[in-house]
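One structure below.
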Amino acid sequence: MKVTDVMFEHMKMQQLEDCFLNLASRQQRGVYFYRINGYTPQVGQFIQKYYEAARKAGVVIEGKIPNPDEKNLSYYNEVMGMDFQLHPGFLSSSLKKWLPRMNDQQRENVAASLFDSLNSLQKAGKNSNMVKNAYIKFMCWLYYKFERIVNLLGREDVPKILYEGNISNYELMLVSILSKAGCDVILLQYHGDAGYRKLDPDCALSDELKLADMTEFPKSFSLQAIREKLRKEADSERLYGKKPGVNNCTNAWISGDVWSDVKKPPAARGTDSNFFYNCFAKVNGVEDKLSYVNDLYQFYLEMKEAGRRLVVVDAGIPVPTMEEIAAIHRKPYDKIEQMIMGLSSNIQYTANIELQRIMVKGFVDTLLAEAETPDNNLNKLTNKAVYLLCWLRRYQQGLFSNWKLPDIGCFIYMGGCKQENEALFLIFLAKLPVDVLVLHPDRNVACYLKDRMLYETNAPESLDIRRFPQDNADVQIGTAAYHAQRELDTLMYQDSGIYRNQQFQKANSVTLQTMYEEIPILWKEELKYRPSFSTINDIVNVPVIFAKISGVKDANVSKYWAMVKELVTEDTYVVGHAPFIESTAPNPMKTYAAAFFKNGRLLKDKIKNHAQYPYGYLREEVQEHMLDKLQLLIERKLIRGISENGTEYTVIATVLNLPKDLVRLVQKFDFTKMNPKLIFINTGEQAISLEDSILAAYMNLVGFDVLFFVPTGYQNIEKYFYNRTIEEHQVGEYVYDLQVPTFNVRRKQTAKRPKWRDIIFKRGT
């Protein structure tokens, strides 16, 4: 028998997939040995598939095969000795001892191929010692690098060798030996074929892969990149769990007439059972102001008549409550993928497992995409994920009750998205069996919603409407004159420096640093004329005065009081004694303050719904402004003791028990006009109380001008304020024991003995 009779022949591939056929399915009993010197997308896919096959049943070589070291050679010498004969029988016997897992046929194939290669070295003029060294190197490589595949050679499932880089002469000889013994080999040569052809000029050992349109390999292409891609895909599989049997076909089927598309019966939208057909659209503006509200109402009635499940949200999705957030099971997470996998277990819909899988896939897809956007970290993404889960739980009953294919619910969002979490939730919903319809009639209001899948239409008119009409009581149709007036308002009051009454609902106070002489000038100026006044995104930056005036200029007391009197306007609240609010003064809100604050956040809804809430009669936007500034006062820790000894509860109780006249000034406050004032006059040695300090700091945040007149120069505000949050003006000599004139001064609030009937008929909580 000739040695070549047991070797496998090299075959030509008709197509790349031939390489993955088993022996019996190949045109003849042969193997493939190819060099790949160029790239196409098809080649990239083939290399990835071949890499996965080599990892499972083969060997992947990235760079050179390490030469045997001293330990390798010592072990070889201990087991095999240093005998060598260039004879098939000796080689077969040695392989049986060195690699005992090979069967007889595999051993004969390797021995024959090994003999052929070593014999070629001898014929090429190598002496016996050099041939012996090559033999020992090959034996060590077979044992330490290829032992896992030598017992697979010649099997139906052909083992694979994938070599990345510029192969050396002896490496080429060894992989050629294994190829002839029944192994497929692919050489990845990113820098071309020149190096290889120096070793095998006639290309007798391997074939070059030649395909149309091949180009150079991309610089980013490597086995390491493939491995990273596969790792991410494996992680993705773990994230998703079992994927749903249907996927969303969003907007691909629509005509462009949003109203007709949303009303179209789900069963009539498409016929491929592998998809559910939904719509994700935003309508900016309105076509006809006079008929818009009525058209919405008719649309709503038609959707209800068709049996569609509807959820309508007006002017923003309410943020999750503390109870909703607490119901989301979560753990500490180190990685984004770990977080997504952990939180996705909160999605439970046992009534329909297929729908649950759709929800999980949409959740994972949404968060993975969001993780790629700038400025997102693990903490931010976790918070967004919790919001998505809370809102999904809140609305899933209304959208998916008794769901089955091809049912499609409808989520209607009225108004522009006010923040990113809302926009992300709508993007998430659009991956579920839901039509997401965003109505943005007032084009002057900003909208955060942007997505590549979103279909947008633009109508010419703009209409300020806050509620989607769901019953006859909601249908309010403006006359042509009404809408003309609104358009005139827009022209006059938008970016013109002219403002209508109570145009803005939110404001941030900016404390001015001034000269003492500027105070009386600025004091009587409207806010819009003060430096640093601005309006950004419907929020007013209100420049205010917050200062302490120590001493009396030129010691002229009469002129001093005349100046103070000049500052007392109609909207000025004057306090003439210290302390104004004593710590022992009755305050019914002290009992409830601890229940209104949790985890660093003010529970605004709980406050508003409490039976003892004192400000429920104020306009809603005024209440929001006041509670926002209360939260801000605590967050900034402007008062000593906040987050240290429970002072935050005193802050809450004090702010929720303001004098009625002071509250009326807040209610009256128009952020673009004259702001209300608060003046403290302290002529004695008694400092203001903690509650007085809270009052001053809070009214400053609300937008009041706050002035302290301290003719003695004594400390009175420094005790409770952190840092120097208030500017002090030293204007003259210190004067003592002055009597405060009558400036409509408020009496201080002191503790009173309770009346006997209040004790007997004490109100319960």
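Tyr190 places no side-chain N or O within donor-acceptor distance of the main-chain N or O of Leu188, the cut-off being under 3.5 Å. Ser344 places no side-chain N or O within donor-acceptor distance of the main-chain N or O of Val360, the cut-off being under 3.5 Å. Remark: side-chain polar atoms of Arg443 are paired, donor with acceptor, to backbone N or O of Ala459 under 3.5 angstrom. Using modelled atom types, no side-chain atom of Asp464 and backbone atom of Asp442 make a donor-acceptor pair closer than 3.5 Å. Listed for the Asn278 side chain is a donor-acceptor partner under 3.5 Å among the backbone atoms of Ala430. Checking side-chain atoms of Asn599 against main-chain N and O of Arg601 turns up no donor-acceptor pair under 3.5 Å. A distance-only check finds no donor-acceptor pair linking the side chain of His329 to the backbone of Asn346 [under 3.5 Å]. Listed for the Glu156 side chain is no donor-acceptor partner under 3.5 Å among the backbone atoms of Asn22. A donor-acceptor pair under 3.5 Å is absent between the side-chain atoms of Lys145 and the main chain of Val59, judged by distance alone. Of the possible donor and acceptor atoms, none in the side chain of Tyr32 sits under 3.5 Å from a partner among the backbone N and O of Leu16.
Listed by first then second residue, pairs satisfying salt bridge (charged side-chain N to carboxylate O under 4.0 Å, His left out) with a partner in residues 376-401 read Glu324-Arg394, Glu370-Lys384, Lys384-Glu420, not counting sequence neighbours. Legend: salt bridge (charged side-chain N to carboxylate O under 4.0 Å, His left out) pairs involving residues 244-255, not counting sequence neighbours: none detected.
Side-chain N/O atoms of Asn458 and Lys282 include no donor and acceptor closer than 3.5 Å. With no hydrogens or angles considered, a side-chain donor-acceptor pair links Asn284 and His440 at under 3.5 Å. Side-chain contact, Asp272 with Asn274: a donor N or O sits under 3.5 Å from an acceptor N or O.
One finds the CD1 atom of Ile336 at 6.0 Å from the CG atom of Leu378 (value rounded to the nearest 0.5 Å). Annotation: the span from Leu310 atom CG to Phe468 atom CZ amounts to 7.5 Å, rounded to 0.5 Å. Rounded to the nearest 0.5 Å, atoms OG (Ser25) and CG (Asp18) are 10.5 Å apart. Atoms CG and CZ, on Asn248 and Phe276 in that order, are 4.5 Å from each other to the nearest 0.5 Å. Distance check: Leu603 CG to Thr321 OG1 gives 10.0 Å after rounding to the nearest 0.5 Å. Residue Gln338 holds its CD atom at 10.5 Å from CG of Leu239, rounded to the nearest 0.5 Å.
Side-chain contact check for Tyr349 versus Ile358: every heavy-atom pair is 4.5 Å or farther apart. With a 4.5 Å cut-off on side-chain heavy atoms, Val312 and Met414 do not count as touching. At a threshold of 4.5 Å between non-hydrogen side-chain atoms, the residues Gln348 and Met359 do not count as touching. A 4.5 Å side-chain heavy-atom check between Asn352 and Phe400 finds every atom pair outside the cut-off. For the pair Met214/Gln42, no side-chain contact is recorded, criterion being any heavy-atom separation below 4.5 Å from C-beta on. Counting heavy atoms from C-beta outward, Leu399 and Arg309 have side chains that stay 4.5 Å or more apart. In this structure, the side chains of Ile161 and Ile149 come closer than 4.5 Å at one or more pairs of heavy atoms. Between Val434 and Val311 there is no side-chain heavy-atom pair separated by less than 4.5 Å.
Using cut-offs of 30° and 60° on the angle between ring planes, the pair Phe411 and Tyr395 is perpendicular.
Atom CG of Asn645 has more than 12 heavy atoms from other residues, nucleotides or ligands within 6.0 Å. When the shell of 6.0 Å around CG of Asn402 is examined, it contains 12 or fewer heavy atoms from other residues, nucleotides or ligands. The neighbour count for Glu216 CD, taken as heavy atoms of other residues, nucleotides or ligands under 6.0 Å away, does not exceed 12. Atom NZ of Lys229 has 12 or fewer heavy atoms from other residues, nucleotides or ligands within 6.0 Å. Within 6.0 Å of atom NZ in Lys450, 12 or fewer heavy atoms from other residues, nucleotides or ligands are found, so the atom counts as exposed in its surroundings. Dense packing is recorded around CD of Gln15, with more than 12 heavy atoms of other residues, nucleotides or ligands lying under 6.0 Å away. In Asp157, the CG atom is not crowded: 12 or fewer heavy atoms of neighbouring residues, nucleotides or ligands sit closer than 6.0 Å.
Every residue two or more places apart in sequence or in another chain that forms a ring pair (Phe, Tyr, Trp, His ring centres under 6.0 Å) with Phe299 is listed here: Trp259. In this structure Phe596 satisfies the ring pair (Phe, Tyr, Trp, His ring centres under 6.0 Å) test together with His610, sequence neighbours excluded. Under the salt bridge (Lys or Arg N to Asp or Glu O under 4.0 Å) criterion, Asp628 pairs with Lys604, not counting sequence neighbours. Tyr144 is linked by a ring pair (Phe, Tyr, Trp, His ring centres under 6.0 Å) to nothing, counting only residues two or more places apart in sequence or in another chain. Residues satisfying the ring pair (Phe, Tyr, Trp, His ring centres under 6.0 Å) criterion with Tyr387, sequence neighbours excluded, are Trp391. Remark: Arg227 pairs with Glu62 by the salt bridge (Lys or Arg N to Asp or Glu O under 4.0 Å) rule, at least two apart or across chains. Under the rule for a side chain to side chain contact (heavy atoms under 4.5 Å, CB included), the partners of Arg269 that lie at least two apart in sequence or sit in another chain are Trp253, Lys264, Tyr277, Arg308, Ile408, Asp435. Residues satisfying the salt bridge (Lys or Arg N to Asp or Glu O under 4.0 Å) criterion with Glu52, sequence neighbours excluded, are absent altogether. Here Arg636 pairs with nothing under the side-chain hydrogen bond (donor to acceptor under 3.5 Å, both in side chains) rule; sequence neighbours left out. Judged as a salt bridge (Lys or Arg N to Asp or Glu O under 4.0 Å), and not counting sequence neighbours, Lys506 has no contacts.
The minimum heavy-atom distance linking Asp257 with Ser260 is given by the pair OD2-OG, 2.9 Å. Nearest heavy atom pair, residue Gly44 against residue Phe221, reads CA-CE1, 4.2 Å. Considering every non-hydrogen atom in both Pro266 and Pro406, the closest pair reads CB-O, 3.0 Å. Of all heavy-atom pairs spanning Asp261 and Ser255, the tightest one is OD1-OG, 2.9 Å. Of all heavy-atom pairs spanning Ser643 and Lys637, the tightest one is OG-CE, 3.5 Å. In terms of heavy-atom proximity, Ile317 sits nearest to Phe425 at CD1-CD2, 3.7 Å.
Ring centroids of Phe46 and Phe20 are separated by less than 6.0 Å, placing the two rings close together.
Between Lys232 and Glu337 there is no salt bridge, since no side-chain N of the basic residue sits under 4.0 Å from a carboxylate O of the acidic one.
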Verdict with reasoning, Glu305 to Lys263, per salt bridge (charged side-chain N to carboxylate O under 4.0 Å, His left out) = CA-CA 11 Å; Glu305 182 67 23; Lys263 288 189 291 184; over 6 Å; no
